[in-house]
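So that we are looking at the same thing, I have put the structure below in structure tokens.
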There are 2 protein chains.
Amino acid sequence: MSGRGRVASGQPTIADVARHAGVAVSTVSYVLSGKRAISELTRNRVLASIRLLGYHPNAGARALASRRANVIALVLPLRSGIQVPVVMQFATAVVTSARRHDHDVLLLTSDEGPEGLRRIAAGALVDGVLVMDVELHDARVPLLRELGRPSVLIGLPADTGGLTCVDLDFHRAGQVCVEHLAGLGHRRIALLGAPSAVYDRETGFAHRTRAGVVEAADRHGVEAVTEPCEENAADVHARVVELFTRHPELSGLVVQNEAAVGPVQAALVGLGRRVPYDVSVVAVCPDQFAEHASPRLTSVPVPAEEIGRQAVSLLMRKLHEEPVPEVTLLEPRLTVRDSTATATAEPVPAGDGTAAARFCDGTAAAR
Amino acid sequence: MSGRGRVASGQPTIADVARHAGVAVSTVSYVLSGKRAISELTRNRVLASIRLLGYHPNAGARALASRRANVIALVLPLRSGIQVPVVMQFATAVVTSARRHDHDVLLLTSDEGPEGLRRIAAGALVDGVLVMDVELHDARVPLLRELGRPSVLIGLPADTGGLTCVDLDFHRAGQVCVEHLAGLGHRRIALLGAPSAVYDRETGFAHRTRAGVVEAADRHGVEAVTEPCEENAADVHARVVELFTRHPELSGLVVQNEAAVGPVQAALVGLGRRVPYDVSVVAVCPDQFAEHASPRLTSVPVPAEEIGRQAVSLLMRKLHEEPVPEVTLLEPRLTVRDSTATATAEPVPAGDGTAAARFCDGTAAAR
DNA sequence: ATCCGCCGTCGAAGCGCTTCGACAACCGGC
DNA sequence: GCCGGTTGTCGAAGCGCTTCGACGGCGGAT
């Protein structure tokens, strides 16, 4: 009856392989899993049969018997206000890394909410969960704690107790930006941040960056104002104009909003402020954006790929019941490009040989 | 032995529910699936037990027994040259629609290639496949044909025989853009297209749009030049400058490249050409982009959400073995905003009227 | 030689669910 | 009041795989 798996499903079963190779079903299984020693000879015979028959293990049966689905869930924020390209980079990195660990990725959207998580996890559709876009007081966090399945958060909630979180150290990133500007002699700077919805939602990264900026500014005797900013050209323009109207002496700008990068530059041009001669701009954005802007932007990239890889790797370790750190923060690195320069005390003559000239006076005290 | 499912897995099994409700396992199953009549009384008792125990059916067991995983695969292009936000919109729409049909979505990347598809499908991890970013001569197409699992392509390969495809009618979209410009009296237009890599890869939509543009231009006696364009500000700028240098009399621009939208406008400003007074711009891009640009762009949106929904719905119908059309093309609609205007015959008073002046000689014969 | 232990393999017992056939109990029609 | 047809429920047979215990055979230690 169970003699001819091919008939029912069109796919050969492990029994077909076993019969073809003249071994027991369990032997085939052990060849595949490597959990028991199998002689070279037998292994080769089995592998040959597998290839010949085009056998692929049935995922459902495997999951049922082994209690591991070899699938992880990835919960993505598919809503506005979140940087789409960064999310895509995450997703790519996660899928790629997961495959390296022989796992597939089930895609969930945030808006399915906790119920979706529960369904997936309780039904054993997935072995573990990766959650992006975590808010400071995220409704899913308590659920994750009680879920009984390993999970890794990308982002930091207010209380990380009993969780595993990875993220860029945005607090440090904010500091780094300010330190860079301060080092160039800028004394009045502004943070043009995420859309206000992101702050309202208490998404950690926006708050942490802002805190880092404010703190470093304090520490370096720099005056800093912070301003949220929507993701459309018109609002960016309005914010920039407003900023420079209220604070005409601003000479440094930290921009944490990919969508704003282009429009900010346009707006500055409109105001007759040149980058970097009149205003230095540091962006927190994907490298790709920074490279493609003109002038190329000094930036602190969000290492989406690295974070994705780390997250998967942490999750895998949890699946193997290895201990992992509660919080993993990646050190930001600032790449200097063409959008930042020494703060000038004097108006700039003309041409652009001047940039170099200015470096001299402003940067004398550089340590 | 199988008496206490809770012990082994921590999750109650259908047997626990049955015992608790005082019915047979099969009865519980029928309550859940509705495939046989169950008395009101029994049903309620069972449902109460389910809720009380917090029962969730085990996905693996269900898939094994029913031969349906209730999961579909979504193959996304996670590489460059493809419009990221559009892809995200697709993904969101697909996940959301799939959930409405009680299915989950497994995320695959294109770069796993055909082997990934085979693994997923043969292993019965998924019931069907959705493939995005189909190329004219896509290596995965033959595989899909032989796979024995329902699939839907988002995009059109050269030969659609035996397949199911959904897409925006890009050919028509190209025509619509040209018709709009022609109707406004423009006689020299250009298509600023996708990155050349996209054309080389023979991704259908780019070619189809170009063909539509060329054809409609011919038909309307409009001169059209087409030009690929990379996704960075510098290249966009260069292309625009080059276009207007070689064809100074250009007065209409069709842009099919989200990333180019902002830079194009900047470049035109740089050339002293105002939108829409000197140059009319029509974009093929997400509505969101068109809305947020300034001036707001007349555009043909890519209805990613609609296409995603359609794709899922088609796939579901195939899963139920219902017949579906081979090709579903969505009619493009053009939204007129502020970036297109009538071609001028007279020089525009203020500003640098030179641009407008040039229109006179070239466009006298407009019908 | 003899025994122990290891290696390589096998058979069988599930994993938790769906589904098929069986079968009481009950209905109305003649 | 007997029969055919529902209606509601049950039991059991798998679905295809993993894993555990068993076991024959072989080599090295005794």
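Naming convention: chains lettered A, B, ... in sequence-line order (proteins, then strands); numbering from 1 in each chain.
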For a quick check, with a 4.0 angstrom heavy-atom cut-off, what is the B/S/- contact string for nucleotides 20-26 of chain D, read 5' to 3'? BBB----
Tell me the closest heavy-atom pair linking N58(B) and A61(B), and the distance in Å. OD1-N, 2.8 Å
Find the distance L64(A):CG to dC17(C):P and express it as a whole number of Å. 9 Å
Determine the contact category for V23(B): base if any of its heavy atoms lies under 4.0 Å from a base atom, sugar-phosphate if only primed atoms, P, OP1 or OP2 are that close, otherwise nothing. sugar-phosphate
Send over the distance from N44(B) CG to dT9(D) P, rounded to a whole Å. 11 Å
Salt bridge D111(B)-R99(A), side-chain N to carboxylate O under 4.0 Å: no
Flag yes if more than 12 heavy atoms outside E146(A) fall under 6.0 Å of its CD atom; otherwise flag no. yes
Stepwise side chain to side chain contact (heavy atoms under 4.5 Å, CB included) test for I120(A) and V129(A): CA-CA 9 Å; I120(A) 292 292; V129(A) 179; 5.5 Å; no
In residues 36-48 of chain A, what donor-acceptor pairs under 3.5 Å come from side-chain atoms, sequence neighbours left out?
from	atom 1	to	atom 2	distance (Å)
S39(A)	OG	T42(A)	N	3.2
S39(A)	OG	T42(A)	OG1	2.8
R43(A)	NH2	I38(A)	O	3.4
N44(A)	ND2	E40(A)	O	3.4
R45(A)	NH1	A21(A)	O	2.7

State, with a plain yes or no, whether a side-chain heavy atom of D104(A) is found less than 4.5 Å away from one of R119(B). yes
Evaluate the side-chain proximity of H103(A) to L319(A): yes if any heavy-atom separation is below 4.5 Å, no if none is. yes
Over all strands shown, is S66(A) touching base, sugar-phosphate only, or nothing at heavy-atom distances under 4.0 angstrom? sugar-phosphate
From CA spacing to verdict: side chain to side chain contact (heavy atoms under 4.5 Å, CB included), V131(A), L153(A): CA-CA 5 Å; V131(A) 182; L153(A) 311 196; 4.0 Å; yes
Based on the rotation axes of five pairs at each end, what angle does the helix from dA1(C)-dT30(D) to dC30(C)-dG1(D) bend through, to 10°? 40°
Which heavy atom of T13(B) sits nearest a heavy atom of Y55(B), and at what distance? C-CE1, 3.5 Å
Interatomic distance, I14(B) CD1 vs dA12(D) P [rounded to whole Å]: 16 Å
Minimum-distance nucleotide to P57(A) side chain [options: dC17(D), dT9(C), dT9(D)]: dC17(D)
Can you measure N58(B) atom CG to dT18(D) atom P for me and round it to whole angstrom units? 15 Å
Atom-pair distance (CZ on R68(A); P on dT18(D)), nearest Å: 11 Å
Check every atom of dG16(C), dC10(D), dT18(D) against the side chain of T27(B) and return the nucleotide holding the closest atom. dC10(D)
Expressed as a whole number of angstroms, how long is the span from R19(A):CZ to dG16(D):C1'? 12 Å
Counting side-chain heavy atoms from CB outward, which of dT9(D), dG14(D), dC15(C) is closest to A65(A)? dC15(C)
When you check the phosphate oxygens OP1 and OP2 of dT18(D), does a side-chain N or O of K35(A) lie under 4.0 Å from one of them? no
Between atom CZ in R45(B) and atom C1' in dT9(D), what is the gap in whole Å? 11 Å
Return no unless some side-chain N or O of R62(B) is found under 4.0 Å from OP1 or OP2 of dT18(C). yes
Any idea which heavy atoms bring A304(A) and A93(A) closest together, and the distance? O-CB, 4.4 Å
OP1 or OP2 of dT9(C) under 4.0 Å from side-chain N/O of S39(A): yes
Nearest-angstrom distance from the residue atom CG of N70(A) to P of dG16(D): 19 Å
